[in-house]
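Within every chain, numbering begins at 1; the chains are lettered A, B, ... in the order of the sequence lines, protein sequences first and strands thereafter.
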Amino acid sequence: MIRLQGIEKSFGRHPMLKGIDLEIGTGEVVVILGPSGSGKTTLLRCLNFLEKPNAGRIRVGDYEVDCRTAGKKEIQQLRLRTAMVFQQYNLFRHKTALENVMEGLLVVRKLPKREAREQSVQLLEKVGLGGKLDAYPSQLSGGQQQRVGIARALALNPEVILFDEPTSALDPELVGEVLSVIRKIAKEGITMIVVTHEMGFAQDVANHVVFMDEGKVVEEGHPNRLFSSPKEERTRQFLKRITPDGVYSI
Amino acid sequence: MKLDPSFIWKAFVELLSVVPTTLLITVVSVACGLLIGTAIALIRTFRVPVLHPVAAAYVTFFRGTPMITHLLLIYFGMPLIVDGVSAFFGWPFRSSAIPMIAFALLSFSITAGAYASEVVRSGLIAVSKGQLEAAYSIGMTTPQALRRIVFPQAFAASLPNITQLFIGMLHGSTLAFAVSVVEINAKAQIVAATNWKFFDAYLAAALIFWGLTVLIERAAGLLERRIQLYNRGGVA
Ligand SMILES: Nc1ncnc2c1ncn2[C@@H]1O[C@H](COP(=O)(O)OP(=O)(O)OP(=O)(O)O)[C@@H](O)[C@H]1O
Ligand SMILES: [Mg+2]
């Protein structure tokens, strides 16, 4: 279970997150929607302390931190329980696909090399890259790089995987391969929080949709409910804008 | 004027005997310089409080003054400090016991440190922030992320500049002459003192420096090709 309570974050004098409360059950696939600049990325980054929240509490599984007082050790504990898939992939450029996935197992989990290698090969096969073990990121397509990114995140067996627009840097014809990998792992019951503009994905895969605007959660609920009968005017307008007819077939 | 090939050869052979001195000064100053420079670059990149302005001052002073001046400041300043401290504690040690080459090694390391800090800093800047964030996201500590992810990429990015620093310090090592260290250039003058064939002697010195420089460039080229294997996106 993941629970956020009163998460606040400002950049200088500009409040970006104005008290976010959110509860996410184990195995849930959460999609976060919202207009540009509403704080979606900032929220994800606060969850693993790539940005330090100014206030609030974060609970991931059995571990809970008070953001105000969290020190190096607490942050480290939180990061061991979360993983992130980046919009720009951020694969380690000087390491092969296999080494990218192994890195966390070797350095953070301190597994013996053979074991780390075995697990990493399996994960890369799972994301369909069993034939690209020794390729460097610069030799892979965007879709392939992102799939390595997903394998790298899976490797540490986190309580939750955070996806920040995992397909928005991809050429349209590569979006499908990445989404289908995310779908596949969603079915295995891994908790994930996905920021995306892919409405089809949100409808098919999510079981919890969160709509954010101006640093707040405006509305949340099951996609069937939220898409067909949004309660808030702002949600309605946003949905209308990204799907002109405003009607969803489910 | 006539060239004397046999004397050039004789000088060349004699100069070879002090190549180790030149290489010692170069390698020590570049190695220490890279250590100092890495520390300085990290302090400046992470804006470590208190140390940050000190580091900035170090860099601007030593990059803003000639290498020979550093050597002379150390040469004349160090004995005052060493003898002062020695007297204060009642130690028998006197600065006259310090070998001349130590002044050159210390001074050139300090000089190289200032230059290397900029080399390392530009290497660090070349590593995108996303690399560090990815390392953090999988639970690495800052030292782990620096050692395993940031430094290897920064090193690869700064190799051409490190090579340049190496060559610069090789040529700069001739200044050690000013504190009576006999390196290649000083030896050339000594060799020529008997027959006044300075041109021939310095020509031999030039050939040796050239040869050493080409060797450094070759080695760097090989290393670059090995290290940059992953980097197919570069312009070069
Ligand atoms: N490090 C930072 N310093 C200052 N401002 C920042 C920083 N990071 C983000 N911001 C500001 O936060 C706002 C964007 O927040 P965020 O990236 O969380 O929005 P988003 O909902 O992810 O938007 P998008 O859909 O465009 O990705 C922008 O106005 C940006 O200027
Ligand atoms: Mg964003």
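Nearest approach of B:R148 to A:V107, heavy atoms of both residues: NE-CG2, 3.4 Å. The minimum heavy-atom distance linking A:F92 with B:A134 is given by the pair CE2-CB, 3.8 Å. When all heavy atoms of B:P152 and A:H94 are compared, the closest pair comes out as CB-CD2, 3.6 Å. Among all heavy-atom pairs drawn from A:R79 and B:Y136, the shortest one is CD-O, 3.2 Å.
Here the side chain of A:E103 pairs no donor or acceptor atom with the backbone of B:A135 at under 3.5 angstrom.
Atoms OG and CG, on B:S128 and A:N90 in that order, are 6.0 Å from each other to the nearest 0.5 Å. For the atom pair OG1 (A:T82) and CD1 (B:I138), the distance works out to 11.5 Å, reported to the nearest 0.5 Å. The structure places CG of A:L80 at 11.5 Å from CE of B:M140, a figure rounded to the nearest 0.5 Å. The OG atom of B:S137 lies 12.0 Å from the CG atom of A:L44; values are rounded to the nearest 0.5 Å.
Residue pairs meeting the ring pair (Phe, Tyr, Trp, His ring centres under 6.0 Å) criterion with at least one partner in residues 23-58 of chain B, sequence neighbours excluded, are B:Y58-B:F62.
Surrounding CZ of A:R3 are more than 12 heavy atoms belonging to other residues, nucleotides or ligands, all under 6.0 Å away. For A:R117, the CZ atom sits in a loose shell: 12 or fewer heavy atoms of surrounding residues, nucleotides or ligands are nearer than 6.0 Å. Within 6.0 Å of the CZ atom in A:F11, the count of heavy atoms belonging to other residues, nucleotides or ligands exceeds 12. Heavy-atom neighbours of A:K132 NZ from other residues, nucleotides or ligands within 6.0 Å: at or below the threshold of 12. Remark: A:K110 NZ is packed, more than 12 non-hydrogen atoms of other residues, nucleotides or ligands lying under 6.0 Å away.
Interface remark: B:A156 contributes no atoms to any contact with chain A (heavy atom separation under 4.5 Å). For B:Q144, the part lying under 4.5 angstrom from a heavy atom of chain A is the side chain only. Using a 4.5 Å cut-off between heavy atoms, A:R109 makes no contact with chain B at all. Only the backbone of A:L91 comes within contact range of chain B, judged by heavy atoms closer than 4.5 Å.
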Pair up each side-chain donor or acceptor in residues 115-127 of chain B with any protein partner under 3.5 Å, not counting sequence neighbours, and list the distances.
residue: B:S117; atom: OG; partner: B:A114; partner atom: O; Å: 2.9
residue: B:E118; atom: OE2; partner: B:R44; partner atom: NH1; Å: 3.3
residue: B:E118; atom: OE2; partner: B:R121; partner atom: NE; Å: 3.3
residue: B:S122; atom: OG; partner: B:V119; partner atom: O; Å: 2.9

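Note on B:T141, B:I149, B:L132, B:T142: by heavy-atom pairs under 4.5 Å with chain A, the leading option is B:I149. Note on A:Q76, A:K72, A:Q88, A:M84: by heavy-atom pairs under 4.5 Å with chain B, the leading option is A:Q76.
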